[in-house]
Engineer: 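Please find one structure pasted underneath; my questions will follow.
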Amino acid sequence: ISVSPSAAILGGAVGNQLRSLCSAPERGVIAAATTAAWAAVWDLQTDSIEKVHSNNGRSVNSITFSPNGDQLVLGTGFYPLDPDQNVEAEVEVWALEREWTLNMVSAVTGVCVDWLAWHKTANALVALTGRRTQDGGFTSFLDGSTLKSLRIAERDEIPGYCCGLQEWPPAVAVFG
């Protein structure tokens with residue numbers, strides 16, 4: 001057991017709420033969404049932390065790694081209180097070469113990406129997003145190579161948890 005670095009050193013009081021913990025064991029990194037405009041990425045080999053800032057400057061609420069760990073996906077957006085404020089949920093795909101580089105961005109139906117997963121067998125990203133009214137949302141399936149929308153299903157309930165993915169046959173379990 002060792003002491004882990006604290007995300008507080010990256011942002012003070014803002015961004016201390018860590019969500020959507022994920023790992024890429026083959027890369028030796030762990031990442032978490034912070035609900036600030038960036039995700040925290042821990043390099044376990046160097047025991048260091050860095051920020052990956054969202055391209056749109058919106059809150060990062062969910063993250064996941066690609067199956068081989070070479071890409072980090074950020075789910076952004078927020079639930080606006082102002083009915084006139086235009087908010088769009090987005091999915092951003094970042095690649096780590098020498099530094100994190102933005103590869104692709106796609107808007108998804110809804111205002112906030114609450115949960116993300118990469119379905120390895122189907123090479124699809126699964127994004128749970130919420131409606132502006134917060135009384136339901138959408139389950140979006142995006143092609144993992146292009147972020148092209150494959151399917152969108154509307155939900156009349158807010159998901160409390162997503163149970164997980166089944167690789168074959170491809171399936172997603174969503175519990176509201």
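Hydrogens, waters and symmetry mates are skipped; everything else that's a heavy atom, side chains included, is used. Here the structure is a predicted model, which is why all the values come from computation and not from measurement. Numbers for residues simply follow the sequence, beginning at 1.
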Engineer: Do Leu125 and Leu147 have side-chain heavy atoms sitting under 4.5 Å apart?
Structural biologist: yes
Engineer: Under the rule for side-chain contact (heavy atoms from CB on, under 4.5 Å), what residues qualify as partners of Pro80, not counting sequence neighbours?
Structural biologist: Phe78, Gln85, Val87, Val111, Arg132
Engineer: Among all residues two or more places apart in sequence or in another chain, which pass the side-chain contact (heavy atoms from CB on, under 4.5 Å) test with Asn86?
Structural biologist: none
Engineer: Find the distance between CD (Glu88) and OG1 (Thr109) and round it off to the nearest 0.5 Å.
Structural biologist: 9.0 Å
Engineer: Do the side chains of Phe65 and Val29 get nearer than 4.5 Å, heavy atoms only?
Structural biologist: yes
Engineer: Would you confirm whether Ser20, through its side chain, and Ser62, through its main-chain N or O, come within 3.5 Å as a donor-acceptor pair?
Structural biologist: no
Engineer: Keeping Ser59 on the side-chain end and Thr35 on the backbone end, is there a donor-acceptor pair under 3.5 Å?
Structural biologist: yes
Engineer: Report whether Val52 and Val105 are members of the same hydrophobic cluster (ILVMFWY, side-chain heavy atoms less than 4.5 Å apart, transitive linking).
Structural biologist: yes
Engineer: Among side-chain atoms of Thr76 and Asn61, is any donor-acceptor pair under 3.5 angstrom?
Structural biologist: no
Engineer: Between Val60 and Ala33, what is the shortest heavy-atom contact and its length?
Structural biologist: O-CB, 3.5 Å
Engineer: How far apart are the closest heavy atoms of Ala37 and Gly57, and which atoms are they?
Structural biologist: CB-O, 3.5 Å
Engineer: Using only heavy-atom distances, determine whether the side chains of Trp100 and Glu50 contain a donor-acceptor pair under 3.5 Å.
Structural biologist: yes
Engineer: Is there a donor-acceptor contact under 3.5 Å from the side chain of Arg151 to the main chain of Thr139?
Structural biologist: no
Engineer: Does any part of the side chain of Ile30, heavy atoms only, come nearer than 4.5 Å to the side chain of Cys22, both counted from C-beta?
Structural biologist: no
Engineer: Using side chain to side chain contact (heavy atoms under 4.5 Å, CB included), reason through Leu150 and Leu142 one step at a time and then give a plain yes or no.
Structural biologist: CA-CA 5 Å; Leu150 301 172; Leu142 307 170; 5.8 Å; no
Engineer: Scan residues 89-99 for pairs that pass side chain to side chain donor-acceptor pair (under 3.5 Å), counting only residues two or more places apart or in two chains.
Structural biologist: Asn56-Glu90, Glu92-Trp94
Engineer: For Thr121, enumerate each residue passing the side-chain hydrogen bond (donor to acceptor under 3.5 Å, both in side chains) test, keeping only those at least two apart in sequence or located in another chain.
Structural biologist: Glu167
Engineer: In the structure I gave you, are the side-chain heavy atoms of Asp114 and Tyr79 within less than 4.5 Å of one another anywhere?
Structural biologist: yes
Engineer: So do the side chains of Val41 and Ile49 get within less than 4.5 Å of each other, counting heavy atoms only?
Structural biologist: no
Engineer: At what distance, to the nearest 0.5 angstrom, does CG of Asn103 lie from OG of Ser66?
Structural biologist: 10.0 Å
Engineer: Under 4.5 Å between side-chain heavy atoms, hopping through other hydrophobics if needed: is there a path connecting Phe141 to Trp118?
Structural biologist: no
Engineer: Measure the spacing between OG of Ser106 and CG of Asp143 and express it to the nearest 0.5 Å.
Structural biologist: 10.5 Å
Engineer: To the nearest 0.5 Å, tell me how far Leu74 CG sits from Leu72 CG.
Structural biologist: 5.0 Å
Engineer: List in chain and number order the residues that pass side-chain hydrogen bond (donor to acceptor under 3.5 Å, both in side chains) with Glu154, two or more places apart in sequence or in another chain; answer none if no residue qualifies.
Structural biologist: Arg131
Engineer: Under 4.5 Å between any side-chain heavy atoms of Trp115 and Val126, yes or no?
Structural biologist: yes
Engineer: Which atom pair, heavy atoms only, marks the closest approach of Ala32 to Trp42?
Structural biologist: CB-CZ3, 3.8 Å
Engineer: Mind checking whether Leu116 and Leu21 sit in one hydrophobic cluster, side chains of I, L, V, M, F, W, Y counted as touching below 4.5 Å?
Structural biologist: no
Engineer: Among the clusters formed by ILVMFWY side chains lying less than 4.5 Å apart, do Val113 and Trp38 turn up in the same one?
Structural biologist: no
Engineer: Do Leu96 and Asp70 have side chains that approach each other closer than 4.5 Å (heavy atoms only, starting at C-beta)?
Structural biologist: no
Engineer: Hey, what else clusters with Phe138 if you join Ile, Leu, Val, Met, Phe, Trp, Tyr whenever side-chain heavy atoms sit under 4.5 Å?
Structural biologist: Ile152
Engineer: Heavy atoms only: give me the nearest Cys112-Ala89 pair and the separation to one decimal.
Structural biologist: N-CB, 3.6 Å
Engineer: Could you grab the distance from atom CE of Met104 to atom OG of Ser145, nearest 0.5 Å is fine?
Structural biologist: 7.0 Å
